[in-house]
Amino acid sequence: MKEEKDKLEERLQEILDQKESGNPLDELVEKSGKGDNEMEYIRETDALLRRMDTQSPSSSFTANVMIHLEEEPVAKTVRKQGLIILLGVVLVLMITAFYLNAINPSLVSMPADINLVGQEVNLEGVGQMLDLGFIIKGLMFVTFFLAMMIFDRTVLRPFFEKRIAGR
Amino acid sequence: MDSSLNLITEIPNLRLFQSRMQTKVQSAETALLERVISGDKESFRELVEKYQSFCYTLALRILKNPMEAEEATQDSFIKAYRSLKNFNGKSKFSSWLYRITYNTSISYYRKRKNHESFEIIKYDRSHGVENRYSEGLDRKRFISEAINQLNEVDASLITFFYFEDLTLEEIGEIMALRPNLVKVKLHRARKKLARELKQALHEEATQL
């Protein structure tokens with residue numbers, strides 16, 4: 001008898017978990033017998049739960065969430081990542097400039113030789129050397145410009161924004 | 001005979017229609033999420049409006065305090081917004097958001113448990129009896145109050161299953177429980193509610 005009841009209860013549970021309604025559920029409750037109405041209460045509870053509605057928060061809820069988003073936006077992490085990329089670019093440029101300089105140090109500054117004054121100078125290859133020197137100087141200029149940008153974003157702007165907000 | 005045949009042929013069509021609709025809704029949501037990630041904050045408003053009721057109900061079932069539930073829900077949406085970049089899209093956005101809400105509410109609940117400063121509005125049987133019998137038993141309201149008597153895990157299970165129509169697998173994924181355990185716990189919670197209802201109706205009958 002108890003086994004049969006357990007089986008019926010298991011079946012009821014299966015029906016409810018599968019969200020079936022109608023005939024199989026009614027038949028099962030009928031089968032369980034009128035003496036034991038526990039199943040009927042479970043079915044009733046299930047039916048009541050299905051009719052329940054969700055509750056809503058206060059009317060200002062969405063606005064409150066949106067205000068908090070203004071304070072800590074996704075953009076902040078994007079900005080952070082942008083700065084890290086910029087810093088990486090500066091480092092790469094500095095390393096490139098350093099290696100180019102190390103390969104041929106005479107490219108950057110050529111010392112003047114007094115003994116050569118008045119002699120014919122062999123200008124072969126000077127054009128190429130000047131071009132490389134120009135590139136290194138260009139790289140240094142770009143590096144300096146990017147470093148200034150990082151300084152502006154990380155130090156200057158936050159400093160002035162804070163001062164403006166403090167007023 | 002003809003009508004039953006029609007029904008058999010219509011059911012697969014209905015399922016196909018449902019799955020197509022679901023795909024459409026999901027792709028619209030994906031587009032919305034992409035807009036939010038690219039910096040369009042206003043698009044997040046749509047998501048808040050869409051999911052706030054269920055998230056709030058879930059938090060309320062766990063915390064049993066409207067003010068605290070609203071705070072936890074708000075916190076959950078902000079957390080979701082901040083970590084939206086980490087959402088990999090393997091699960092549904094709703095499941096991901098519900099997991100955040102569930103975990104946030106549970107941590108609020110634990111914090112409160114440690115401090116014990118909040119007053120939990122619990123269902124009071126003796127007080128309820130008077131109101132119930134003056135106008136007959138409002139079963140729907142009674143069940144709602146009885147859910148508040150359940151512990152936070154059982155109340156969450158009931159909320160996920162009945163209010164959001166989630167499957168046992170989905171509930172297990174959100175609550176980090178095995179589907180079998182979800183099944184057992186859900187059955188126990190349902191039985192507990194049924195016993196409460198039976199007792200209340202019995203009390204009502206004796207009062208009358």
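Note that these values count all heavy atoms, side chains included, but never hydrogens, waters or copies made by symmetry. Per chain, numbering begins at 1; letters A, B, ... match sequence-line order.
Atom CD1 of residue A/Ile67 and atom CD1 of residue B/Ile78 lie 10.0 Å apart, to the nearest 0.5 angstrom. The line from CZ of B/Phe163 to CG of A/Asp53 is 8.0 Å long, rounded to the nearest 0.5 Å. Here the straight-line distance linking atom CG of B/Leu58 with atom CD of A/Gln55 works out to 12.0 Å at 0.5 Å rounding. Taking OG1 of A/Thr62 as the start and NZ of B/Lys50 as the end, the distance is 14.5 Å to the nearest 0.5 Å. Note: A/Asn64 CG to B/Thr73 OG1 = 11.5 Å, rounded to the nearest 0.5 Å.
The side chain to side chain contact (heavy atoms under 4.5 Å, CB included) check on A/Ser56 picks up B/Ser53, with sequence neighbours excluded. Partners of B/Asn103 under the side-chain hydrogen bond (donor to acceptor under 3.5 Å, both in side chains) rule, at least two apart in sequence or in another chain, do not exist in this structure.
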**Item:** Stepwise side-chain contact (heavy atoms from CB on, under 4.5 Å) test for B/Glu196 and A/Thr45
**Value:** CA-CA 10 Å; B/Glu196 291 270 339; A/Thr45 308; over 6 Å; no
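Taking the side chain as every heavy atom from C-beta outward, A/Glu44 and B/Lys198 never approach each other to under 4.5 Å. Between A/Phe61 and B/Val48, some side-chain heavy-atom pair lies under the 4.5 Å cut-off. With a 4.5 Å cut-off on side-chain heavy atoms, B/Ile143 and A/Arg51 do not count as touching. At least one side-chain heavy atom of B/Tyr162 sits less than 4.5 Å from a side-chain heavy atom of A/Asp46.
Inspection of non-hydrogen atoms places B/Leu186, B/His187, B/Arg190, B/Lys191, B/Leu193 of residues 185-193 of chain B under 4.5 Å from chain A.
For CE of A/Met52, the number of neighbouring non-hydrogen atoms (other residues, nucleotides, ligands) closer than 6.0 Å is greater than 12.
Contact between A/Met66 and B/Lys41 at its shortest, heavy atoms only, is CE-O, 3.3 Å.
Sorted by first and then second residue, the ring-ring contact (aromatic ring centres under 6.0 Å, His included) pairs involving residues 54-73 of chain B (not counting sequence neighbours) are B/Phe54-B/Tyr98, B/Phe54-B/Phe160.
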